[in-house]
Enquirer: 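This structure is in structure tokens; I'll ask about it shortly.
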Number of protein chains: 2
Amino acid sequence: MEKQVTIYDLARALNLSTATISRALDDSPLVKPKTREKIRAMADKMGYRQNLIASNLRKQQSRTIGVLLHEVNSYFSTSVLAGIEKITTREKYDILIAHSGEDGEREIANTRNLFNKRVDGLIVSLAMSTVATDHFNPFFEQGIPVVFFDRVAKKMPCNKIVIDNFKAGYEATTHLLQQGYRRIAHITASLQRNVYEDRFRGYKKALTDHHIRFDPLLVESCSLNREDTLAVMHQLLKQKPDAFFITNDFAAAVCMDELQRSGIRIPEDIGMMGFNNDILGSLINPRLSTIDYPGTRMGETAAQMLIDKIKTKKNGKATAEHKSVIISSTLLIRESSVKKARQRRGHK
Amino acid sequence: MEKQVTIYDLARALNLSTATISRALDDSPLVKPKTREKIRAMADKMGYRQNLIASNLRKQQSRTIGVLLHEVNSYFSTSVLAGIEKITTREKYDILIAHSGEDGEREIANTRNLFNKRVDGLIVSLAMSTVATDHFNPFFEQGIPVVFFDRVAKKMPCNKIVIDNFKAGYEATTHLLQQGYRRIAHITASLQRNVYEDRFRGYKKALTDHHIRFDPLLVESCSLNREDTLAVMHQLLKQKPDAFFITNDFAAAVCMDELQRSGIRIPEDIGMMGFNNDILGSLINPRLSTIDYPGTRMGETAAQMLIDKIKTKKNGKATAEHKSVIISSTLLIRESSVKKARQRRGHK
DNA sequence: TTGAAAGCGCTAACAC
DNA sequence: GTGTTAGCGCTTTCAA
């Protein structure tokens, strides 16, 4: 391992001070253009690379943002990441991604770790099994900006980016009702999480608004993985539902597949409605109706909001305000929920 | 923003030296258990958190591994990441993920950035459009370990983790031939990349081994996104193929959907074979035959190999050896390529 | 078993 | 425009 070239080496080689070198490499207007050129040239020649660790120590910053996700293996998660990355790249921040695998304990460990890493800010979507939120206190106490997105803690006073899950759940259910479905089963996940609870409330409200009695037997909650989803689906089938509103496209696709393989026609016998607009839904037959969930925009908004907070904090202005941004989602009606005549593939 | 508690604060509070504090917090056997306890207690009480930036500067390491991916939005990528993460978490390394969006230019920029961040090692899968590989030279010159996986640079002398793409391509094609398909079209991507080239060679070899003349008109290469894939599929259709071997499951699903919607039956009229074993393939009808690609194991192996190299390097032993590991992949025969009687869903 | 002190590479306040 | 210098918070050698 060769020795790294430092600004001291450059200073010595050029008979200048490290201060000038540092300024030049930072494009400071304080240094004469000619000097700067000389320094740049020498830096190139000697193979100099800035040591960001030293720089960060000195500047008391990491120029790194922590991203705490519940999972990374969904289309939604990667969309959000893409959005975050777009902004952070532009603003020259790095991101440290930690995911909890839906486990509250791991979320706590990850939070601690990111804190120790001195991230300049944190973007979070809560794990399924998270209960308390004390593990974020160190951030609040140190005034390190935190932005929650999607799965947020309801009563926590801080910045949030969400969609209107209540409205989306309401619209999805209403659409199914308008298509003539009457016994709409709902597969959801932990009602501790705002997203699922709000959608569930939307579902109930839509039912009552259409004078349909809410039947608790038509609702099951599970982890949303393949196995669990199929188990609760079979459970719900005993209640003879004529439609499913499933809070996640992957789970909906799993159900559709299973139902179709047992001879049930979709949407004729059973209507199907997902949530999230995973690409998956556009590749199955019939195409899955869903709620379009703007992951990339959420990520962009969260990152921009966080970086703005970091910047204003640097300027000494403590911003105690806690903005909540609601990103608009839209009902995407495709084939799985529309009863009227439709061209089935393979039967031209 | 409150002031951070440092080891100086602890030293003052306990009338000890910073050296002792540092040792105690590092669980050094040099410090008396009693002293250690006292220090731990005080650290907790005062809310001390280690400043890893300072620690890293001093230790001349970052305890961070850079991961350079071509894309993150596939099941394969997230599997690899999961594998890498499993190992790095255990070994207490952080990972900095950068992706190039298949763009060679961005790959170069990301490589530079990770180098400046002083990552202790690098795990790489090349972008589609990468040509030269000079941008990795700084790592080689500094003796910073680099491990390539999946999309590797053939002639580059360094550690690699791959599957036997030639064999997989051969087996996939042979299977289609055994099912009676004769005009097998192949949709591939940049043949600059070993993975696609090797699969293509396997495809050709299988054909000639079965006394079928290789027809260049049956092969098209594209970016594998939806649009491009459909375009080349329609192009190939003019050659009246009776099967498709497509180098990626997503692209295969897109084609299947399009073909089926135009009334073509799969596998009866056209057989279909993908590559990668994306979950997607198990949720479409018919289920997609494919090559099972062990992403998680690849990630684990790459991470472990890299960390081993980092460790041996620390011990001063420069390891010039360049291991190549081949992870085994398996042919996964499902419905899309099997002509014999099969229960179509919806027709019990 | 503990302490003193040097220094990792950089930045920025202050001086010239 | 440029230089001097004092740290950022930690680890580690050497001495006690």
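Residue numbering restarts at 1 for every chain, and letters A, B, ... go by the order of the sequence lines.
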Enquirer: Between D:dG9 atom P and B:Asp26 atom CG, what is the distance in whole Å?
Expert: 19 Å
Enquirer: Decide whether B:Asn113 and A:Asp94 meet the rule of one side-chain donor and one side-chain acceptor closer than 3.5 Å.
Expert: yes
Enquirer: May I ask you to test the A:Asp150-A:Met298 pair for a side-chain heavy-atom distance under 4.5 Å?
Expert: yes
Enquirer: For nucleotides 14-16 of chain D, print each protein N/O atom paired with a nucleotide N/O atom at under 3.5 Å, atom names and distance only.
Expert:
none

Enquirer: Nearest to the B:Thr6 side chain among D:dC10, D:dT12, C:dC10, which nucleotide is it?
Expert: D:dC10
Enquirer: In whole angstroms, how far is the P atom of C:dC10 from the CG atom of A:Leu10?
Expert: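 In whole Å, C:dC10 P and A:Leu10 CG are 8 Å from each other.
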Enquirer: Roughly how far, to the nearest 0.5 Å, is the CD atom of B:Glu85 from the OH atom of B:Tyr93?
Expert: 16.0 Å
Enquirer: Taking the nucleotide of DNA chain D with the nearest heavy atom to each, does A:Thr18 or A:Val31 sit closer to the 5' end?
Expert: A:Val31
Enquirer: Taking CG from B:Asn116 and P from C:dG9, how many angstroms apart are they, rounded to a whole number?
Expert: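 After rounding, the reported distance stands at 14 Å.
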Enquirer: Does B:Leu57 or B:Asn15 map to a spot on DNA chain C nearer the 5' end, using the closest nucleotide for each?
Expert: B:Asn15
Enquirer: Heavy-atom count check: over 12 atoms from other residues, nucleotides or ligands less than 6.0 Å from B:Arg90 CZ?
Expert: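 Enclosed.
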Enquirer: Classify the angle between the aromatic ring planes of B:Phe76 and B:Phe149 as parallel (below 30°), tilted (30 to 60°) or perpendicular (above 60°).
Expert: tilted
Enquirer: At what distance, to the nearest 0.5 angstrom, does CD1 of A:Ile7 lie from CG of A:Leu16?
Expert: 11.5 Å
Enquirer: Can you identify which nucleotide, out of C:dT2, C:dA5, C:dT1, has its nearest atom closest to the B:Pro33 side chain?
Expert: C:dT1
Enquirer: Is it the case that the side chain of A:Glu107 and the backbone of A:Ala127 share a donor-acceptor pair, with hydrogens and angles ignored and the cut-off at 3.5 Å?
Expert: yes
Enquirer: So, B:Gln4 versus A:Gln60: side-chain donor-acceptor pair below 3.5 Å or not?
Expert: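 On atom types as modelled, these side chains do not qualify, holding no pair under 3.5 Å.
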Enquirer: Identify which nucleotide among D:dT2, C:dC10, C:dT2 has an atom closest to any side-chain atom of A:Tyr8, counting heavy atoms from C-beta outward.
Expert: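 The closest nucleotide is C:dC10.
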Enquirer: Using a heavy-atom cut-off of 4.0 Å across all strands, would you classify B:Leu16 as base, sugar-phosphate, or nothing?
Expert: sugar-phosphate
Enquirer: Whole Å only: how far is the CZ atom of A:Arg36 from the C1' atom of D:dT2?
Expert: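 About 14 Å, once rounded to whole Å.
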Enquirer: Tell me which of B:Gln50 and A:Leu30 sits closer to the 5' end of DNA chain D, going by the nucleotide each one is nearest to.
Expert: A:Leu30
Enquirer: When the distance from CG of B:Leu52 to C1' of D:dG9 is rounded to whole Å, what number comes out?
Expert: 11 Å
Enquirer: Whole Å only: how far is the CD1 atom of A:Ile39 from the P atom of D:dG1?
Expert: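 Value for this atom pair: 13 Å.
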Enquirer: OP1, OP2 of C:dC10 versus side-chain N and O of A:Tyr48: anything below 4.0 Å?
Expert: yes
Enquirer: Which nucleotide in the list D:dG9, C:dC10, C:dT1 gets nearest to the side chain of A:Ser55?
Expert: C:dC10
Enquirer: Select base, sugar-phosphate, or nothing to describe what B:Ser22 touches, counting heavy atoms under 4.0 Å on all strands.
Expert: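 Base, at least one base heavy atom under 4.0 Å.
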Enquirer: Between C:dT2, D:dT12, C:dG9, spot the one nearest the side chain of B:Ala19, thanks.
Expert: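 So the side chain of B:Ala19 is nearest to D:dT12.
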Enquirer: Verify, without hydrogens or angle tests, whether A:Ser129 (side chain) and A:Glu102 (backbone) share a donor-acceptor contact under 3.5 angstrom.
Expert: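 Yes, the answer is positive, given that a donor and an acceptor are paired below the 3.5 Å cut-off.
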Enquirer: OP1 or OP2 of C:dG3 sitting under 4.0 Å from any side-chain N/O of B:Ser17?
Expert: yes
Enquirer: Using the side-chain heavy atoms of B:Lys59, tell me which of these nucleotides is nearest: D:dT12, D:dT2, C:dG9.
Expert: D:dT12
Enquirer: Starting at atom NZ of A:Lys117, determine the distance to atom C1' of D:dG9, rounded to an integer number of angstrom.
Expert: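 Spelled out: NZ on A:Lys117 to C1' on D:dG9 is 15 Å.
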Enquirer: May I ask you to verify if any side-chain N or O of B:Gln60 is less than 4.0 angstrom from the OP1 or OP2 atom of C:dG9?
Expert: yes
Enquirer: Is A:Thr20 close enough to D:dG3 that one of its side-chain N or O atoms is under 4.0 Å from OP1 or OP2 there?
Expert: yes
Enquirer: Taking CG from B:Asn56 and P from C:dC10, how many angstroms apart are they, rounded to a whole number?
Expert: 15 Å
Enquirer: Taking any heavy-atom pair under 4.0 Å as a contact, classify B:Ile53: base, sugar-phosphate, or nothing.
Expert: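 Answer is nothing: B:Ile53 stays at 4.0 Å or more from every strand.
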